[in-house]
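See structure below.
In this text, all values refer to a predicted model and were calculated from it rather than measured experimentally. Heavy-atom basis, side chains included; hydrogens, waters and symmetry copies ignored.
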Amino acid sequence: MTDDDLIAAARDASRHSYSPYSNFAVGAALGFADGSVVTGTNIENASYGLALCAEAVAVSKAMADGVRGGLEAVAVTGPGTDPITPCGRCRQVLNELARLGGTDPEILCVGAEEVRKMRLSDLLPQAFGPASLI
């Protein structure tokens, strides 16, 4: 799976966004070591606090299917021109999945013409994770 493939999967997922309040369609794609990809899109709610982010939806789908490791890369796309990064909550959710497999995935923050690459640990330094509870 190339970066371009993962970005294309995230962009495709954003087409299924339910974002009638913000009109800010976000797509996320999780790339795993076995070559599989799990996507998610944001789902808004009239009660704004109940909205679901694309990354959290993708992680939920992966976990519901029994995926517990091998997260290598994440692509996040949005409608604007600037690269979009996962929100703080999604960084924590991604960290949980990554830590279960002992990985530090590359995060592809995608804009209209620019892709910023960084490690999850750079977006969420000194993260609280499963090992913190031991």
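One N or O on the side chain of Glu44 and one on the backbone of Ser22 form a donor-acceptor pair closer than 3.5 Å. Side chain of Thr2 to main chain of Asp5: a donor-acceptor pair is present (N/O by atom type, distance under 3.5 Å, no hydrogens or angles). At least one donor-acceptor pair under 3.5 Å links the side chain of Asn42 to the backbone N or O of Val26.
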After noting the C-alpha distance and the side-chain angles of Met118 and Glu106, does the key distance pass the side chain to side chain contact (heavy atoms under 4.5 Å, CB included) rule? CA-CA 6 Å; Met118 57 199 77; Glu106 184 171 64; over 6 Å; no

Criterion side chain to side chain contact (heavy atoms under 4.5 Å, CB included) on Leu94 and Leu30, from CA distance to verdict: CA-CA 9 Å; Leu94 289 165; Leu30 312 179; 3.8 Å; yes

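Put simply, the side chain of Leu52 does not reach to within 4.5 Å of the side chain of Asn45, judged on heavy atoms. Considering only heavy atoms from C-beta on, Leu97 comes within 4.5 Å of Met63 through its side chain.
For Glu113, the CD atom is loosely surrounded, since the number of other residues' heavy atoms within 6.0 Å does not exceed 12.
If you chain together hydrophobic residues whose side chains sit under 4.5 Å apart, Val67 and Val59 fall into the same group. Residues Ile43 and Tyr48 share a single hydrophobic cluster, defined by chaining ILVMFWY side chains whose heavy atoms lie under 4.5 Å apart.
Note that CD of Glu55 and OG1 of Thr39 are 12.0 Å apart. Values are rounded to the nearest 0.5 Å. The CD1 atom of Ile107 sits 10.5 Å away from atom SG of Cys90, with the distance rounded to the nearest 0.5 Å. With rounding to the nearest 0.5 Å, the separation of CD in Glu96 from CZ in Arg68 is 10.0 Å.
With sequence neighbours excluded, no residue satisfies side-chain hydrogen bond (donor to acceptor under 3.5 Å, both in side chains) with Asp4. Under the side-chain hydrogen bond (donor to acceptor under 3.5 Å, both in side chains) criterion, Thr103 pairs with no residue at all, not counting sequence neighbours. For Lys61, there are no side-chain hydrogen bond (donor to acceptor under 3.5 Å, both in side chains) partners two or more places apart in sequence or in a different chain.
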Side chains of residues 70-89: which donor-acceptor pairs under 3.5 Å do they make with residues two or more places apart or in other chains?
residue: Thr85; atom: OG1; partner: Arg91; partner atom: NH2; Å: 3.2

Just list the side-chain donor-acceptor pairs under 3.5 Å for residues 120-128, sequence neighbours left out, or say none.
residue: Ser121; atom: OG; partner: Asp104; partner atom: OD1; Å: 3.4
residue: Ser121; atom: OG; partner: Asp104; partner atom: OD2; Å: 2.6

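Residues Gly69 and Phe32 share a closest heavy-atom pair of O-CD2, 3.5 Å. The minimum heavy-atom distance linking Val93 with Ala56 is given by the pair CG1-CA, 4.3 Å. Listed here is the closest heavy atom pair of Pro130 and Arg99: CD-CB, 3.7 Å. Across all non-hydrogen atoms, the minimal contact from Ser14 to Ala25 is O-CB, 3.6 Å.
Residues Leu6, Ile7, Val37, Leu108, Val110, Val115 make up the rest of the hydrophobic cluster containing Met1, defined by ILVMFWY side-chain heavy atoms closer than 4.5 Å, directly or through other members.
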